[in-house]
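Structure first, commentary second.
Each ligand, and each atom within it, is numbered from 1 in the order the structure gives.
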Amino acid sequence: MNSTMPPTVSQPMVSIRNVRKKFGDLEVLKNVSIEVPKSQVFGFIGPSGAGKSTIVRTVNALEGIDGGEIWVGGVSVHGPSTDLNRLRANIGFVSQSFNLYPHLKVLENVALAPIKVKRQPPSQAREYAASILKTLGLEDKMDAFPTRLSGGQQQRVAIARALAMEPRLMIFDEPTSALDPELIKEVLDAIRGLLATGITMLLVTHEMNFAREICDSIVFMAEGEILETGAPEQFFSHPQTQRARDFLSAILNR
Ligand SMILES: Nc1ncnc2c1ncn2[C@@H]1O[C@H](COP(=O)(O)OP(=O)(O)O)[C@@H](O)[C@H]1O
Ligand SMILES: [Mg+2]
């Protein structure tokens with residue numbers, strides 16, 4: 001199979017087509033299809049175990065698939081000849097665990113992949129890393145070791161590290177779920193700041209107000225299926241399914 005499509009003006013950044021995935025006998029993705037146009041922000045919401053993490057993880061091949069296909073920027077993610085290192089260099093992935101390198105200072109954490117993977121000259125990579133850290137309000141933390149930072153600061157470093165690769169797509173899987181409540185806002189502000197860059201984003205979150213504010217579309221999943229997709233106003237004000245109504249009333253009345 002050819003692993004590149006000819007580019008077209010309307011080519012979506014992410015195209016998920018009829019994807020199926022099992023863990024053993026458990027069907028965790030049942031015929032999932034989503035088209036994410038360039039520069040759009042898609043929010044994935046739904047109950048625990050819905051398959052939200054699994055679907056976003058299949059997009060950069062952290063998980064395999066058992067059926068269907070996924071294209072990112074015209075590249076077949078699960079195609080037999082796909083260069084996964086090259087693909088992943090274009091996709092930033094931030095989860096709830098920051099996974100910073102504890103033995104490297106903040107600046108070196110951020111500059112490492114551009115130096116190692118993109119073979120950028122170290123001085124250039126460090127300069128760019130410093131500029132990103134500055135935009136995320138971390139200019140005074142560049143020489144600190146990650147363990148000395150708060151969770152919110154560590155997560156912003158993780159975002160900076162992903163951005164240093166100049167990805168075309170950012171995936172966030174519950175980026176604030178491991179944070180104390182008072183540290184959530186600074187991370188959401190960092191994500192909000194990316195909107196102006198026009199980068200395409202997939203965001204799995206339980207922060208409903210934030211999703212409503214920044215997303216172009218909401219994808220509501222339960223039990224491995226997409227039950228609703230639509231504009232945030234439509235979804236949050238007029239959910240179409242009982243499952244979504246139940247979910248929203250449970251999460252909004254916590
Ligand atoms: N590595 C795995 N092995 C087996 N089952 C898994 C694995 N990862 C996830 N699952 C199961 O797949 C389903 C979907 O999980 P997940 O995508 O993490 O859901 P969500 O992110 O919406 O909470 C759940 O039933 C979960 O227990
Ligand atoms: Mg999850």
Original post:
Quick one: which of Thr54, Asp173, Val56 has a heavy atom closest to atom 17 (O) of ligand 1?
Top reply: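 Ranked by closest heavy atom to atom 17 (O) of ligand 1, first place is Thr54.
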Original post:
Within the structure, does at least one protein heavy atom fall under 4.0 Å of atom 26 (C) of ligand 1?
Top reply: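 So far as the 4.0 Å threshold goes, atom 26 (C) of ligand 1 is out of reach of every protein heavy atom.
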**OP:** Would you confirm whether any non-hydrogen atom of the protein falls under 4.0 Å from atom 8 (N) of ligand 1?
**Re:**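 Yes.
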Look at [atom] and say which protein heavy atom is nearest, naming residue and atom and giving the distance to 0.1 Å.
atom: atom 22 (O) of ligand 1; answer: Lys52 NZ, 2.7 Å
atom: atom 18 (O) of ligand 1; answer: Ser53 CB, 3.7 Å
atom: atom 23 (O) of ligand 1; answer: Gly49 N, 2.7 Å
atom: atom 6 (C) of ligand 1; answer: Phe23 CD1, 3.2 Å

Original post:
Closer than 2.8 Å to the Mg ion (ligand 2), do we get an N, O or S atom from Thr54, backbone or side chain?
Top reply: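 It does not: Thr54 brings no N, O or S atom closer than 2.8 Å to the Mg ion (ligand 2).
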Show me which atoms of ligand 1 lie under 4.0 Å from any heavy atom of [X].
X: Ala50; value: 19 (O), 20 (P), 22 (O)
X: Leu26; value: 25 (O)
X: Val28; value: 11 (C), 12 (O), 13 (C)

Just verifying a value: how many Å separate [X] [atom1] and [Y] [atom2], rounded to the nearest 0.5 Å?
X: Leu138; Y: Gln153; atom1: CG; atom2: CD; value: 6.5 Å
X: Ile191; Y: Ile214; atom1: CD1; atom2: CD1; value: 6.5 Å
X: Thr205; Y: Lys52; atom1: OG1; atom2: NZ; value: 10.0 Å
X: Thr58; Y: Ile70; atom1: OG1; atom2: CD1; value: 3.0 Å
X: Asn18; Y: Leu29; atom1: CG; atom2: CG; value: 12.0 Å

**OP:** Determine, for Glu27 against Lys21, whether the closest basic-nitrogen to carboxylate-oxygen distance falls under 4.0 angstrom.
**Re:**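 The answer is no: the pair does not qualify as a salt bridge.
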Cut-off 3.5 Å, side chains only: do [X] and [Y] have a donor facing an acceptor?
X: Ser150; Y: Arg156; answer: no
X: Glu228; Y: Thr241; answer: yes
X: Gln242; Y: Asp246; answer: yes
X: His206; Y: Glu174; answer: yes

Subject >> Sub-3.5 Å N/O-N/O distance, Gly51 and ligand 1 >> reply: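 By distance alone, the answer is yes.
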**OP:** Report the part of Ile55 in contact with ligand 1, treating N, CA, C, O as backbone and CB onward as side chain, heavy atoms under 4.0 Å; options are side chain, backbone, both, neither.
**Re:**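 The answer is neither; Ile55 stays 4.0 Å or more away.
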**OP:** Measure the distances from the heavy atoms of Pro47 to every atom of ligand 1 and state whether one is below 4.0 angstrom.
**Re:**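 Flag set, Pro47 near ligand 1.
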Original post:
Are Ser48 and ligand 1 in contact, using a heavy-atom cut-off of under 4.0 Å?
Top reply: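 Ser48 counts as a contact of ligand 1 under the 4.0 Å cut-off.
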